[in-house]
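Computed from heavy atoms alone, side chains included, the values below leave out hydrogens, waters and symmetry copies.
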Amino acid sequence: MSDLNAHVVIIGAGHAGGTLAALLRQYGHTGRITMIGDEPHAPYQRPPLSKAWLKGEADADSLALKPLAFYAEADIDFRPNLRAVKLERSARKVTLSDGSQVDYDVLVLATGARAIALPIPGADLAGVMFLRTATDAEALKAKVGPGKRLAVVGGGYIGLEVAASGRALGAEVVVLERETRLLARVATEVLSDFFRRYHEKHGVGFELGASVIGFEGDNGHVTGVKLADGRVIGCDAAVVGVGAHPNDELASESGLETARGVVVDLEARTSDPHVFAIGDVAHRPMPIYGRMFRMESVPNALEQAKQAACAITGRPAPAGETPWQWSDQYDLKLQIAGYAFDVDEIVVRGDPASGKFAVFHLKGDQLQSVEAINAPPEFMMGRQLIGNRKRLDKAKLADPSVSMKEVAA
Ligand code: FAD
């Protein structure tokens with residue numbers, strides 16, 4: 001049941017929340033829309049924070065999803081610098097950090113995720129940083145430059161992007177990774193090796209299998225990262241990029257179902273019909289894989305904003321999408337479609353040494369996921385093949401002389 005006059009309160013003014021606010025108006029919602037955000041900024045894009053923006057190739061205005069004036073023009077009551085601290089579902093009320101309260105008819109949790117901190121000695125030293133917000137990015141940019149030594153803790157996508165941007169800014173960069181290969185949780189060995197070699201070619205140092213047990217400092221500022229084997233890696237700044245934790249406490253404390261993320265259905269609705277959850281905070285169904293999952297990507301934030309906007313305004317649910325995401329490092333564009341669940345075979349198409357190839361993850365003869373480096377046709381066609389669950393001829397897939405169109409035929 002929808003009510004175009006309902007008061008919709010959105011908690012979190014990020015990619016998902018900002019997109020939803022705009023979509024609600026676009027879909028004809030006439031009721032009040034209130035968007036509460038604890039950052040000082042209107043909704044902005046985070047991906048450039050580790051890429052173009054960090055390297056100085058994009059300005060602050062280009063990060064914004066919409067110009068600030070849009071929210072007033074669209075009659076969206078955007079309230080920055082305010083945090084929602086308590087949710088009372090029985091009274092349909094949210095308490096904010098200034099003590100005020102907001103009543104809602106429909107509530108949307110779009111609170112995203114936060115960078116995971118390392119509970120180790122020295123983690124509170126100045127110069128030990130994270131990269132989640134524009135404020136974090138400003139602080140990091142001020143520390144990275146020619147001759148500066150940057151230690152990156154964590155060899156995942158954000159860590160590697162920071163490493164690439166750090167090199168572009170002239171810093172000395174070393175990446176410290178606990179696993180014996182990069183991207184261990186998310187990518188194949190082919191891709192891990194490829195990225196290590198590419199970064200090494202650009203002057204990044206690696207310590208793999210390196211367990212970080214503390215930070216050393218002088219006068220309250222970090223001077224080195226201490227490893228379990230006793231070595232200290234000297235640095236002027238350290239970025240910790242070891243993953244993110246969903247901001248799902250408002251939900252769990254109010255008794256909503258959570259599972260490291262707020263559990264929602266395909267309309268982005270929680271176990272309470274008046275409450276939705278979208279974006280990085282949501283633990284959502286993924287029908288093509290027949291399972292629930294929490295995703296951290298812009299396409300997911302956009303898809304779920306659309307699901308919630310349709311449900312709130314009484315439109316039919318949008319068609320399901322095949323998840324995808326990307327990473328930019330140096331001149332490499334990595335595009336990933338799907339997730340490598342229950343994979344029993346890997347097919348590599350093209351030669352990694354050429355800097356243009358794709359890794360296909362198969363379950364039987366069905367495609368689960370593709371990682372494409374500088375290979376848009378493999379990504380685009382792969383994404384379609386994941387979505388339509390087509391059975392594939394693996395020999396054709398592995399042969400770059402057979403076009404992707406023919407593979408898909
Ligand atoms: P967010 O954009 O994080 O927004 C949540 C907002 O809610 C934040 O402003 C938060 O401060 C606020 N908030 C939290 N709790 C409260 C509260 N109680 N009260 C009020 N406000 C609250 N994705 C890709 O697809 N490709 C990429 O290349 C890519 N690169 C990335 C690079 C970086 C450095 C980062 C940090 C992320 C990157 N991502 C990338 C992930 C992508 O940015 C996120 O998936 C996306 O921002 C999720 O949107 P969201 O609205 O769920 O969360």
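Note that CD of Gln368 and CG of Leu362 are 8.0 Å apart. Values are rounded to the nearest 0.5 Å. For the atom pair CD of Glu257 and CG of Asp248, the computed distance is 12.0 Å after rounding to the nearest 0.5 Å. Here CD1 of Ile336 is found 7.0 Å from OG of Ser327. Values are rounded to the nearest 0.5 Å. One distance of note links CD of Glu303 with OG of Ser297; it measures 9.0 Å at 0.5 Å rounding. Glu296 CD to Asp280 CG: the interatomic distance, rounded to the nearest 0.5 Å, is 5.0 Å. Atoms CG and CZ, from Leu208 and Arg181 in turn, are 10.5 Å apart once rounded to the nearest 0.5 Å.
Residue pairs that meet the side-chain hydrogen bond (donor to acceptor under 3.5 Å, both in side chains) test with at least one member in residues 112-131, sequence neighbours left out, are Arg114-Asn247, Arg114-Glu249. Within the structure, ring-ring contact (aromatic ring centres under 6.0 Å, His included) pairs that include any residue of residues 267-288 do not occur (at least two apart or interchain).
Contact detail for Ala84 and Ile11: the closest heavy-atom pair is CB-CG2, 3.5 Å. Nearest heavy atoms, Ala238 versus Phe215: CB-CE2, 3.9 Å. Contact between Leu68 and Ala42 at its shortest, heavy atoms only, is CD1-CB, 3.9 Å. Taking each heavy atom of Val281 and Leu109 in turn, the nearest pair found is CG1-O, 3.7 Å. Shortest non-hydrogen contact noted between Arg294 and Ala113 is NH1-CB, 4.1 Å. Contact between Lys306 and Pro318 at its shortest, heavy atoms only, is CD-CB, 4.0 Å.
The pair Lys51-Glu161 counts as a salt bridge, with a side-chain nitrogen and a carboxylate oxygen less than 4.0 angstrom apart. Salt bridge status for Lys363 with Asp344: absent, with no side-chain N to carboxylate O gap under 4.0 Å. Between Arg149 and Asp236, at least one side-chain N (NZ, or NE/NH1/NH2) sits under 4.0 Å from a carboxylate O, which counts as a salt bridge. For the pair Glu172 and Arg167, the salt-bridge criterion is not met [side-chain N within less than 4.0 Å of a carboxylate O]. The pair Asp136-Lys141 does not meet the salt-bridge criterion, since no charged nitrogen lies less than 4.0 angstrom from a carboxylate oxygen. Between Asp103 and Arg92 there is no salt bridge, since none of the side-chain N atoms of the basic residue sits less than 4.0 Å from a carboxylate O of the acidic one. With respect to Glu267 and Arg269, a salt bridge is recorded, a charged nitrogen being found less than 4.0 Å from a carboxylate O.
Two residues are said to be in side-chain contact when any heavy atoms from C-beta on lie closer than 4.5 Å; Val85 and Leu96 fail this criterion. Side-chain contact between Pro299 and Trp326 is present, with heavy atoms from C-beta onward closer than 4.5 Å.
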Run the side-chain hydrogen bond (donor to acceptor under 3.5 Å, both in side chains) test on Ser100 and Asp98 for me, step by step, so that the C-alpha distance in whole Å, both residues' side-chain angles and the decisive distance to 0.1 Å come before the verdict.
CA-CA 6 Å; Ser100 64; Asp98 63 356; 2.6 Å; yes
Going through the checks in order, is the ring-ring contact (aromatic ring centres under 6.0 Å, His included) test met by His199 and Tyr330?
CA-CA 9 Å; His199 277 268; Tyr330 310 107; 4.9 Å; yes
Before giving the answer on side chain to side chain contact (heavy atoms under 4.5 Å, CB included), spell out for Arg25 and Tyr71 the whole-Å C-alpha distance, their side-chain angles and the decisive distance to 0.1 Å.
CA-CA 10 Å; Arg25 285 289 180 244; Tyr71 299 96; over 6 Å; no
Apply ring-ring contact (aromatic ring centres under 6.0 Å, His included) to the pair Tyr198 and Phe194, showing each step before the final yes or no.
CA-CA 6 Å; Tyr198 212 84; Phe194 173 78; 5.6 Å; yes
Full working for side-chain hydrogen bond (donor to acceptor under 3.5 Å, both in side chains) between Ser97 and Arg83:
CA-CA 5 Å; Ser97 46; Arg83 195 168 172 72; over 6 Å; no
Lys86 vs Glu253, test: salt bridge (Lys or Arg N to Asp or Glu O under 4.0 Å). Steps then yes/no.
CA-CA 8 Å; Lys86 191 174 176 194; Glu253 286 162 14; over 6 Å; no
Please report the C-alpha distance between Asp272 and Leu256 in whole Å, then the side-chain angles of each, then the deciding distance to 0.1 Å, and finally whether the side chain to side chain contact (heavy atoms under 4.5 Å, CB included) criterion is met.
CA-CA 7 Å; Asp272 177 337; Leu256 284 171; 3.6 Å; yes
Checking His202 against Gln329 for the side-chain hydrogen bond (donor to acceptor under 3.5 Å, both in side chains) test, could you report, in this order, the C-alpha distance in whole Å, the side-chain angles of both residues, the deciding distance, and whether it holds?
CA-CA 11 Å; His202 285 81; Gln329 297 164 44; over 6 Å; no
Can Arg284 and Asn300 be said to form a side-chain hydrogen bond (donor to acceptor under 3.5 Å, both in side chains), step by step?
CA-CA 10 Å; Arg284 55 162 288 186; Asn300 172 61; 2.9 Å; yes
For a side chain to side chain contact (heavy atoms under 4.5 Å, CB included) check, start with the C-alpha distance between Val343 and Thr188, then their side-chain angles and the critical distance, and finish with the verdict.
CA-CA 11 Å; Val343 164; Thr188 45; over 6 Å; no
Stepwise, does the side chain to side chain contact (heavy atoms under 4.5 Å, CB included) test hold for Leu49 with Leu63?
CA-CA 9 Å; Leu49 298 181; Leu63 297 185; 3.8 Å; yes
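Sparse packing is recorded around CZ of Arg185, with 12 or fewer heavy atoms of other residues, nucleotides or ligands lying under 6.0 Å away. Few gaps surround NZ on Lys394; more than 12 heavy atoms of other groups in view lie less than 6.0 Å from it. The 12-atom threshold is exceeded at CZ of Arg132, counting heavy atoms of other residues, nucleotides or ligands nearer than 6.0 Å.
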Name every donor-acceptor pair, under 3.5 Å, that has one atom in a side chain of residues 216-227 and the other anywhere in the protein, sequence neighbours excluded.
residue : atom : partner : partner atom : Å
His221  : NE2  : Lys143  : NZ           : 2.8
Thr223  : OG1  : Glu216  : O            : 3.3

Would you be so kind as to tabulate the donor-acceptor pairs closer than 3.5 Å made by side chains of residues 375-386, with sequence neighbours excluded?
residue : atom : partner : partner atom : Å
Glu378  : OE2  : Arg349  : NE           : 2.8
Arg383  : NE   : Thr322  : O            : 3.1
Arg383  : NH2  : Thr322  : O            : 3.2

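For Glu39, the salt bridge (charged side-chain N to carboxylate O under 4.0 Å, His left out) partners are Arg46, not counting sequence neighbours. Not counting sequence neighbours, the partners of Tyr44 by the ring pair (Phe, Tyr, Trp, His ring centres under 6.0 Å) test are His41.
The backbone N or O of Arg260 sits nowhere less than 3.5 Å from a side-chain atom of Thr258 that would complete a donor-acceptor pair. Using modelled atom types, no side-chain atom of Tyr339 and backbone atom of Tyr289 make a donor-acceptor pair closer than 3.5 Å. Here the side chain of Glu177 pairs a donor or acceptor atom with the backbone of Glu179 at under 3.5 angstrom. Panel note: side chain Ser62, backbone Ala58; no donor-acceptor pair is recorded below 3.5 Å. Put simply, the side chain of Gln304 gets close to the backbone of Gly279: a donor and an acceptor are under 3.5 Å apart. No donor-acceptor distance shorter than 3.5 angstrom exists from the side chain of Thr19 to the backbone of Ala305, with no hydrogens or angles considered.
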